[in-house]
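Here the structure is a predicted model, which is why all the values come from computation and not from measurement.
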Amino acid sequence: RLFSETAENCMNMFIDDSVSTNLPSLNQQYSEALIHQLLECAQFPYSSSDANICKMPMKFFYELSLAIHCGGSNTSEENNHHNHSYDNINGEKPVRVNGPNHSLINKYIPVFQCLLEISVTQMMIPETVMMSNIAIPDDVLDIRGAWKETVLDCSLILGGVTSTGILCKMLQMEVEACSNSHNNANTSNSTGSGGAIAARTMNYCRVESLLFGVQLVSPWLPREEDRFIAPLIEFLGQLSAASHLLHLQVTAIELYGLLSFWFESHPQQLQAVMQRLVLDLNHPQTSSAAALTLMHIMRQCSNVSGLPVAELHSHIMRLRSTFSLSLEAEIHMLEGIAVVISSPNSSGRNGQQSNPTAVAESENSFRLIVSPMLEELQAVLQTPSVQATQLVPSIDRLTAMFRYFHTEGSCVVDLLVALIPIFKQVLQVQPSEKICERICRCYKQAIRNTGGRFLPYLPAFTAHLAEQFAANPVAAFLYAASVVVGEFSSLRPRDNNPIDMTAVAECLYGMVWSMSSVFFGRFSSLEQFEQKPDVVEEYFFLMAKALQSCPTPFITSTNGAAQTVIQAAISGLALKHREAQKGVLLFFERLLQLVSYWAADSPLNIATRALVGSYGAVLLQALFTMLSGQMPAYALDENNGCISDVLWYLRKRFPADFETWFRDLLPRLSEEAQAIARQQELYQSLCDKHATQKSFGAALDRYENSCRANTC
């Protein structure tokens with residue numbers, strides 16, 4: 001700990017010899033000695049009594065790698081270790097501040113090479129676990145996860161190709177050591193000199209750790225890399241001798257998926273690999289990894305001709321009939337298949353003319369897979385006392401196909417239209433919230449894939465959602481309605497076919513007002529809001545989406561519909577539920593943004609100002625009730641719905657009225673809140689016409705913190 005904390009606090013000594021001393025050579029000696037000690041600590045066995053010793057230097061090496069990568073800036077103030085923007089192996093690299101310092105990179109390459117080699121040793125699965133195929137213990141997973149981050153630090157400095165080269169060289173050395181041992185044993189035993197010599201067996205724990213390391217650095221590999229990947233793929237194909245070692249096989253399978261970009265440019269290698277992965281699908285212990293890898297390969301290589309998707313789907317059906325494949329694995333496979341069969345339509349999505357023959361073949365493949373799914377779901381519905389668990393798999397399979405298949409034709413629309421009556425039956429026999437959520441998720445994926453082709457069926461579909469919400473007022477139907485509003489309010493004409501957007505807006509608002517009537521019939525008080533906060537959340541997210549996408553019907557509504565929604569939203573601000581409160585705040589953000597949406601002298605703008613302005617004082621009071629600590633303020637300054645943004649828009653849209661409302665509000669606050677407001681000159685800060693949104697939010701933050709501290 002002493003070495004680690006000293007190094008962390010003296011980061012400048014490592015990235016700039018001239019900062020802290022006029023004796024750079026002595027400074028360099030200190031830094032080299034300290035790094036040497038830290039590398040010694042990192043090699044401390046994690047299986048010992050004090051496993052934390054090997055993890056103590058990790059934070060220093062993370063900060064050092066980041067400082068070097070960002071051009072020598074001292075980043076030691078970022079004390080959350082391994083808060084990587086690249087901690088997902090498929091993620092992006094960190095943004096460079098000043099660009100990498102190449103002199104520092106060259107200086108520390110040997111250090112990070114050594115650290116990478118240490119990481120491989122520390123990530124090794126214990127031999128007892130490897131040989132017995134038992135689950136990896138939690139403590140091993142924890143230390144492995146920690147060293148995974150250090151491998152990423154090394155890759156940041158060394159680069160993907162160099163890191164892979166080091167790992168492959170270590171792998172080659174392991175293979176050669178084993179091969180030489182066998183040759184020496186055979187020679188000795190054949191001459192009969194010195195007695196029999198046992199050949200050294202492959203250290204499969206080390207091999208697995210090296211392959212896992214390649215997994216981690218693979219995102220940094222260029223797509224054209226061939227020097228290391230080709231022999232690595234060949235080596236993976238030779239691991240059949242270790243087919244009994246589950247953890248090694250799973251790591252190898254996963255590595256195929258992460259190198260799928262290489263197969264796209266080497267399609268001749270695909271057949272052998274996919275045959276091996278299909279065999280792995282047959283074994284329960286490797287089927288999940290094989291399915292995920294096949295999905296990655298199919299997605300990456302979807303434009304490669306001759307992928308055996310029909311054979312793969314037939315194989316899936318056989319495995320399903322024997323209950324040999326998990327639903328999750330099957331969904332992964334269906335995702336990959338859907339991407340492959342829709343690839344002939346990709347040219348049309350890029351603005352080019354689609355090939356009608358290719359589109360027809362693609363849609364036919366889609367029908368051949370999805371139509372039996374509809375029949376299977378109908379068959380399940382005939383089962384007496386059908387349970388949700390019997391219905392979920394069929395719905396999830398359909399969702400995967402609708403989500404990942406894209407077409408310029410009409411087959412998705414046709415199959416969705418055929419599916420809706422079946423889903424109505426499902427909701428009649430099993431209206432559980434779980435089933436509602438699954439069905440609405442399927443609707444979302446299908447609707448997003450249909451576009452204007454679904455317009456003739458839109459009135460019936462919006463009526464269907466409204467009817468289902470009336471029968472079973474759960475949040476899922478409100479979410480599905482939000483998706484429908486977002487998708488169809490932003491349609492653009494295609495193929496010179498005009499769209500009557502006024503009629504579309506009327507159709508959408510017919511659904512919105514129908515759902516609103518049901519909502520206010522069931523939830524008319526704060527107590528009822530608190531019973532179903534998820535429904536409240538989704539309702540106001542729906543209204544926010546409606547205001548954002550097609551606001552005119554809301555402003556021109558009759559019978560006090562808009563006023564009812566606004567009054568309910570003000571009441572909903574008192575709801576002690578974070579997400580529901582954010583939904584209400586987002587609604588008010590969108591409402592206030594409308595004040596400048598139309599031309600200043602337009603009737604719609606005049607009506608909007610009158611409507612919103614009539615609730616300005618009440619809204620301000622409700623928000624300051626939260627800020628003053630009398631009610632929870634969950635979202636002070638966040639994206640997509642927060643108090644700070646609502647107050648900012650209120651002040652910007654109604655500057656003169658805001659000052660009046662705020663002056664009238666102050667005497668109604670508690671004495672403690674008034675004292676804090678006076679002390680912080682809150683009125684002046686918020687009403688200052690030169691205030692920026694940042695300074696405005698900072699003033700609210702100071703006030704809220706002080707009030708909260710005063711009430712605790």
Side-chain angles (χ1 to χ4, degrees), residues 90 257 260-261 263-265 267 270-271 274 277-278 291-317 327-377 394-420 441-455 457 483 487 491-492 494-495:
N90 293 316
S260 57
F261 64 88
F263 292 110
E264 185 179 15
S265 56
L270 268 176
Q271 183 177 0
M274 294 189 77
L277 293 171
V278 169
L292 187 59
T293 292
L294 281 165
M295 179 202 75
H296 285 312
I297 290 175
M298 286 189 284
R299 287 184 66 95
Q300 184 68 49
C301 305
S302 60
N303 291 319
V304 174
S305 60
L307 289 179
V309 289
E311 294 83 351
L312 283 173
H313 184 253
S314 298
H315 193 64
I316 292 172
M317 299 300 290
L327 178 62
E328 181 183 18
E330 184 182 350
I331 296 299
H332 286 320
M333 293 291 292
L334 290 174
E335 174 182 337
I337 289 172
V339 171
V340 172
I341 63 176
S342 64
S343 62
N345 291 294
S346 60
S347 60
R349 292 201 307 274
N350 292 332
Q352 302 172 12
Q353 186 65 37
S354 299
N355 182 331
T357 303
V359 170
E361 292 176 355
S362 174
E363 293 199 331
N364 185 56
S365 298
F366 184 73
R367 284 193 179 91
L368 289 174
I369 295 174
V370 173
S371 295
M373 291 181 179
L374 302 186
E375 296 169 3
E376 181 183 4
L377 184 56
S394 296
I395 300 172
D396 285 355
R397 292 180 192 115
L398 287 164
T399 302
M401 293 302 297
F402 280 122
R403 179 178 183 180
Y404 294 104
F405 178 76
H406 300 281
T407 181
E408 293 295 303
S410 62
C411 77
V412 171
V413 173
D414 297 339
L415 289 166
L416 176 58
V417 170
L419 179 60
I420 292 171
R441 188 157 62 94
C442 187
Y443 279 155
K444 174 184 75 173
Q445 303 302 342
I447 286 296
R448 286 178 172 172
N449 220 340
T450 59
R453 296 181 295 276
F454 192 71
L455 270 179
Y457 308 97
V483 172
E487 289 296 314
L491 285 177
R492 296 292 180 266
R494 291 172 59 91
D495 302 326

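- Atom CG of N449 sits about 10.0 Å away from atom CG of L416, to the nearest 0.5 Å.
- In this structure a side-chain-to-backbone donor-acceptor pair under 3.5 Å is present from R453 to G409.
- Not a single side-chain contact (heavy atoms from CB on, under 4.5 Å) links S305 to another residue, sequence neighbours left out.
- A 4.5 Å side-chain heavy-atom check between Q445 and Y404 finds every atom pair outside the cut-off.
- With sequence neighbours excluded, the residues that form a side-chain contact (heavy atoms from CB on, under 4.5 Å) with D396 are L327, I331, V392, R438, R441.
- S362 and S342 make their closest contact through OG-CA, 3.6 Å (heavy atoms, listed as atom of the first residue, atom of the second, distance).
- Of all heavy-atom pairs between L294 and M274, the closest is CD2-CE, 3.9 Å.
- E487 places no side-chain N or O within donor-acceptor distance of the main-chain N or O of I447, the cut-off being under 3.5 Å.
- The line from CD of E335 to CZ of R403 is 7.0 Å long, rounded to the nearest 0.5 Å.
- For the pair S365 (side chain) and I341 (backbone), a donor-acceptor distance under 3.5 Å is absent.
- Using a 4.5 Å heavy-atom threshold, the side chains of F366 and V412 count as touching.
- Applying the side-chain hydrogen bond (donor to acceptor under 3.5 Å, both in side chains) test to E311 and every residue at least two apart in sequence or in another chain returns nothing.
- When all heavy atoms of L491 and G451 are compared, the pair lying nearest together is CD2-C, 4.0 Å.
- With sequence neighbours excluded, no residue forms a ring-ring contact (aromatic ring centres under 6.0 Å, His included) with F261.
- Using a 4.5 Å cut-off on side-chain heavy atoms (C-beta onward), F402 and L415 make contact.
- Within the model, atoms CG of L312 and CD1 of I316 stand 6.5 Å from one another, a figure rounded to the nearest 0.5 Å.
- With sequence neighbours left out, V417 forms a side-chain contact (heavy atoms from CB on, under 4.5 Å) with V413, F454, Y457.
- Formation of a donor-acceptor pair under 3.5 Å by the T399 side chain with backbone atoms of I395 is found in this model.
- Residues T357 and E361 form a side-chain contact, since some pair of their non-hydrogen atoms from C-beta on lies under 4.5 Å apart.
- Annotation: the span from T407 atom OG1 to E363 atom CD amounts to 3.5 Å, rounded to 0.5 Å.
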(request) Go through N303 and V340 one step at a time and tell me if the side chain to side chain contact (heavy atoms under 4.5 Å, CB included) criterion holds. (result) CA-CA 7 Å; N303 291 319; V340 172; over 6 Å; no
(request) For the pair F263 and V304, evaluate side chain to side chain contact (heavy atoms under 4.5 Å, CB included) and give the outcome as yes or no after the intermediate values. (result) CA-CA 9 Å; F263 292 110; V304 174; over 6 Å; no
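- The two atoms that bring A400 and A338 nearest to each other are O-CB, 4.5 Å, heavy atoms only.
- Side-chain contact between C442 and L419 is present, with heavy atoms from C-beta onward closer than 4.5 Å.
- In this structure, A291 and A329 approach most closely via the heavy-atom pair CB-O, 3.4 Å.
- Here the shortest heavy-atom pairing between M298 and M333 reads CE-O, 3.7 Å.
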Only distances under 3.5 Å count here; give the side-chain donor-acceptor pairs of residues 367-377 to other protein atoms, sequence neighbours excluded, each with its distance to 0.1 Å.
residue, atom, partner, partner atom, Å
R367, NH2, D414, OD2, 3.4
S371, OG, R367, O, 3.0
E376, OE1, R320, NH1, 2.9
E376, OE2, R320, NH1, 3.4

